[in-house]
Amino acid sequence: MTDTVRVRFAPSPTGRLHIGGARTALFNWAYARRHRGTFLLRIEDTDPERSTKEYERAILEGLRWLGLDWDEGPDVGGPYAPYHQAQRIERHRVAAQAMLARGEAYRCFCSHERLDAMRAEQEAEHQASAYDKRCRSIPQAEAERRAAAGESFVVRFKVPEGKTSLVDHVRGDVTFENKEVDDWIMVRSDGNPTYNFVVVCDDVDMKITHVFRGEEHLINTPKQVLLYKAMGAKPPEFGHLPLMLGTDRKKLSKRTGDTALQDYQEKGYPKDAVVNFLCLQGWALNGTQEIFSLDELVKHFDINDVSKAGAVFDIDKFRWLAGEYLRKEPIDVLVDHCVPFAIQAGLLRADEVPSKRAWLASLLAAEKERMHVYSNFPARIAYLFAKDDELPYDADAEANAKKHAGRVALLGDFQAWLAPKLAAGEPSAALKDGMKAWLSERKAKMPELLQPLRCALSGRAGGPDCFDMIAWLGPERALARIEHARRRLA
RNA sequence: GGUCCCAUCGUCUAGCCCGGCCUAGGACACCAGGUUUUCAUCCUGGCGACAGGGGUUCAAAUCCCCUUGGGAUCACCA
């Protein structure tokens, strides 16, 4: 056949999609698209205890959310179906039998007790724990007899002499001494094959040409390369991606932050920001352009340019990037993205959204400057929903207001000036101009009025333009808040 | 501890493969100014790194070696 690129992402549905897994998927996908190859998805559900359909569905949804699509997979099918590993188990059994028959593997009857004792001893002597190969010497006929008699056994891979090298596109080629590679278990005593075995069987069957995965798999790779050879198959090329690290510089874990893609989705990170950020962890477009699209990734992605060193998950940069993307969204789209969070916070009911859409758009147009993620929205606008006489005043807002000695009188005069204009429906821009003229007539500076006013309207030290807030509140509530402030700021 | 991997600003990185253009570039964060009614956005500036030591070379962040430091992994889990 041809040497068309075929890459895969093979998640295990035993939990939510890890953010590092999402990046692995992204890089595999980008590589396939860049080389006009095939990207496929395979579900590694061979652990029936922990695998669930719910996780599987969530993982697929997560990938779709990011904008990744696959040419072959569990839901779309393909020429190498099935794409659920558990459904391929017969093939694995056949392959294991063939290996046994060819003498590339052997039955091991050692008990857990013996293995545990051996491990303990090796550990005490500061050696790597590895099987001592005792059962290698059992003649095949005897092994078959004992197996037939019902004796429990596992199938181990017979690691040959020599050394094993692999082509790694991110690290440069890596070599291992075979004597350091354990005679690992291919098939468990219950007859089920193990990961290192099935992953190779399936990759061979699915004609995978390149395997890009996390660095934690690097040490497994010689086992797999040796297996390819024993099966008479050509090993794929590899690329072991740098780990994503927590602030403790260890493999990203829940201890130092959110690890699931879904966590960021639920927190309202724009998905394009997530993709962009994931790209930046271990790869760079050109070293100067930080913000770029999936298209640009595909256009420029090169596995050889992926960094070797682990990348600390930089949440500050992620937040910044999220804000950049959020601000670029068309306002209608932004409303759709933010409204669910306002509903969830109890600020709005879903049924009143259509009638308030223009109002919400106006809020967002002003507030987006202060937001990074969609979930910031409710906290930004909560003051609008407070009772006018119970609006909480932040300490710094109140302090700013109270810096001005004439605040109560000025607020009163302003209220009297404002009320008729509001009643007449004067637009915000005109009110603002009028206010400036009014203030200069009385030889008052803007902050003298606006700081107390801001506190009166929002209870906060910072925020949008005061006249925007008046418009959002409406004449009645705005004036009520000023009225209350004259008492509360006295 | 064995094996394997890694090492440029606090963080993400460009440069390294194909030594000179590097008085090491960009971004986030931080600090200082400017803009703003305030906050934010935005603009300007600042701080800030080639882990250490040996080589090779006219010349090393770039090549080689050692040391140190960090990480991954050592399951009948994937």
Side-chain angles (χ1 to χ4, degrees), chain A residues 10-15 44-47 49-51 85 108 112 115 119 122-130 152-156 168 170-172 174-177 179-182 184-190 192-196 198-199 214-222 240 242-243 245 247 249-251 277 280-291 304-305 307-321 323 327 366-371 380 396-397 400 432 435-436 439 445-451 453-455 458 460-467:
Chain A
S12 168
T14 53
E44 311 238 312
D45 54 350
T46 45
D47 183 346
E49 300 287 304
R50 297 191 298 144
S51 297
Q85 200 155 57
C108 168
H112 276 105
L115 261 19
R119 247 196 298 277
Q122 287 165 338
E123 196 168 323
E125 289 177 26
H126 296 303
Q127 290 177 325
S129 62
S152 177
F153 67 91
V154 298
V155 177
R156 287 185 184 272
D168 192 303
V170 354
R171 265 141 235 291
V174 183
T175 301
F176 294 81
E177 296 289 337
K179 63 175 187 289
E180 305 290 348
V181 181
D182 194 14
W184 52 283
I185 293 173
M186 291 169 44
V187 183
R188 301 184 185 96
S189 52
D190 65 2
N192 287 127
T194 61
Y195 168 74
N196 281 122
V198 294
V199 75
E215 196 201 325
E216 69 267 28
H217 288 283
L218 182 54
I219 211 131
N220 274 327
T221 311
H240 287 93
L243 258 18
L245 274 21
T247 44
R249 295 207 140 269
K250 290 192 182 9
K251 206 161 93 170
F277 177 70
L280 257 16
Q281 296 273 298
W283 188 74
L285 219 203
N286 51 28
T288 56
Q289 187 184 337
E290 308 286 332
I291 297 177
N304 297 298
D305 290 340
S307 310
K308 292 194 256 283
V312 174
F313 189 91
D314 187 352
I315 191 70
D316 281 330
K317 191 158 183 174
F318 194 7
R319 279 178 55 77
W320 164 76
L321 208 47
R327 253 164 257 130
E367 285 290 5
K368 68 177 182 179
E369 304 297 315
R370 276 162 288 267
M371 293 168 54
R380 293 303 324 165
D396 50 350
N400 283 347
K432 202 190 295 189
M435 175 271 296
K436 285 176 185 167
L439 276 179
K445 297 242 190 290
M446 298 245 272
E448 287 177 53
L449 170 66
L450 291 168
Q451 289 193 318
L453 180 60
R454 177 172 297 285
C455 180
S458 71
R460 298 192 304 190
D465 182 276
C466 285
F467 290 89

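Bear in mind that the values here come from a model prediction, so they are computed numbers and not experimental data. Below, chains carry the letters A, B, ... as their sequence lines are ordered, and counting in each starts from 1.
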Under 4.0 Å, heavy atoms only, any strand: does [X] hit a base, just the sugar-phosphate, or nothing?
X         : answer
Gly172(A) : nothing
Lys368(A) : nothing
Phe176(A) : sugar-phosphate
Thr46(A)  : sugar-phosphate
Arg171(A) : sugar-phosphate
Glu290(A) : base
His217(A) : base
Val312(A) : sugar-phosphate
Thr247(A) : nothing
Val187(A) : nothing
Asn192(A) : nothing
Arg50(A)  : base
Glu125(A) : nothing
Ser189(A) : base

Of the listed nucleotides ([options]), which one gets closest to any side-chain atom of [X]?
X         : options                : result
Asp314(A) : C12(B), A72(B), C6(B)  : C12(B)
Lys308(A) : C5(B), C6(B), A78(B)   : C6(B)
Ala284(A) : G2(B), A14(B), U38(B)  : A14(B)
Trp320(A) : A27(B), A7(B), G26(B)  : A27(B)
Val154(A) : A72(B), C28(B), C76(B) : C76(B)
Leu280(A) : A78(B), C12(B), C76(B) : C12(B)
Ala309(A) : A7(B), A72(B), C76(B)  : A7(B)
Leu243(A) : C12(B), C4(B), G71(B)  : G71(B)

- prompt: Do the side-chain N and O atoms of Asn286(A) and Thr288(A) include a donor-acceptor pair separated by under 3.5 angstrom?
  reply: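 Side-chain D/A pair, Asn286(A) to Thr288(A): present.
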Side chains of Gln85(A) and Glu44(A), donor plus acceptor under 3.5 Å: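 Per modelled atom types, Gln85(A) and Glu44(A) side chains form a pair under 3.5 Å.
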Is any side-chain heavy atom of [X] less than 4.5 Å from a side-chain heavy atom of [Y]?
X         : Y         : value
Arg156(A) : Met186(A) : no
Lys445(A) : Glu448(A) : yes
Met446(A) : Gln451(A) : no

message: Is the base of C76(B) stacked against the aromatic ring of His112(A), taking ring centres under 5.5 Å apart and planes under 30° as the test?
response: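 Yes; by the centre-distance and plane-angle rule, His112(A) counts as stacking on C76(B).
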My understanding is that a pair needs two contacts under 3.5 Å, Watson-Crick or G-U wobble. By that rule, which nucleotide pairs with [N]?
N      : result
C74(B) : G1(B)
U57(B) : none
U41(B) : none
A7(B)  : U68(B)

Nearest whole Å is fine: how far is [N] [atom2] from [X] [atom1]?
X         : N      : atom1 : atom2 : result
Leu218(A) : U73(B) : CG    : P     : 11 Å
Arg380(A) : U41(B) : CZ    : C1'   : 12 Å
His240(A) : C4(B)  : NE2   : P     : 15 Å
Asn304(A) : A14(B) : CG    : P     : 13 Å
Leu285(A) : U13(B) : CG    : P     : 14 Å
Phe277(A) : A27(B) : CZ    : P     : 17 Å
Arg327(A) : A40(B) : CZ    : P     : 12 Å
Glu180(A) : C5(B)  : CD    : P     : 12 Å

Inter-nucleotide C1' distance (U13(B), G48(B)), Å rounded: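 Roughly 15 Å separates the two C1' atoms.
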message: Measuring only the C1' atom in each nucleotide, how far is C12(B) from G19(B)? A whole number of Å is fine.
response: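 Their C1' atoms lie roughly 27 Å apart.
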task: Please tell me which of Ala461(A) and Tyr195(A) maps to the more 5' nucleotide of RNA chain B, matching each residue to the nucleotide holding its nearest heavy atom.
output: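 The residue mapped nearer the 5' terminus is Ala461(A).
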Residue whose closest nucleotide on RNA chain B lies nearer the 5' end, Gly462(A) versus Asp47(A):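 The answer here is Gly462(A).
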- prompt: Do the side chain of Arg380(A) and the main chain of Arg370(A) share a donor and acceptor less than 3.5 angstrom apart?
  reply: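 No: the side chain of Arg380(A) does not pair with the backbone of Arg370(A).
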query: Judged by atom type as modelled, is there a donor-acceptor pair below 3.5 Å linking the side chain of Ser458(A) to the main-chain atoms of Arg460(A)?
result: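 Yes, the answer is positive, given that a donor and an acceptor are paired below the 3.5 Å cut-off.
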- request: For the pair Phe318(A) and Phe313(A), name the ring-plane relationship: parallel under 30°, tilted 30 to 60°, perpendicular over 60°.
  value: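 Judged by the thresholds at 30° and 60°, the geometry between Phe318(A) and Phe313(A) is perpendicular.
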From CG (Asn220(A)) to OH (Tyr195(A)), nearest 0.5 Å: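 If I round to the nearest 0.5 Å, the distance is 6.5 Å.
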field: Lys/Arg-Asp/Glu bridge criterion (N-O < 4.0 Å) met for Asp316(A), Arg319(A)
entry: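 Between Arg319(A) and Asp316(A) there is no salt bridge, as every charged N stays at least 4.0 Å from the carboxylate O atoms.
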message: Regarding Lys308(A) and Glu215(A), does a basic nitrogen lie under 4.0 Å from an acidic carboxylate oxygen?
response: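 No salt bridge links Lys308(A) with Glu215(A).
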message: Using a distance-only criterion (donor-acceptor N/O pair, under 3.5 Å, no hydrogens), is the base of A27(B) paired with the side chain of Lys317(A)?
response: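 Per atom types, the contact qualifies.
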- prompt: Is there a donor N/O on one and an acceptor N/O on the other, under 3.5 Å, for the side chain of Arg370(A) and the base of C39(B)?
  reply: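 Result: at least one qualifying N/O pair found.
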field: Side-chain N,O (Arg119(A)) to OP1/OP2 (C76(B)) below 4.0 Å
entry: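 Result: yes.
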message: Output one letter per nucleotide in nucleotides 62-70 of chain B: B when a protein non-hydrogen atom lies under 4.0 Å from the base, S when only the sugar-phosphate is that close, - when neither is.
response: ---------
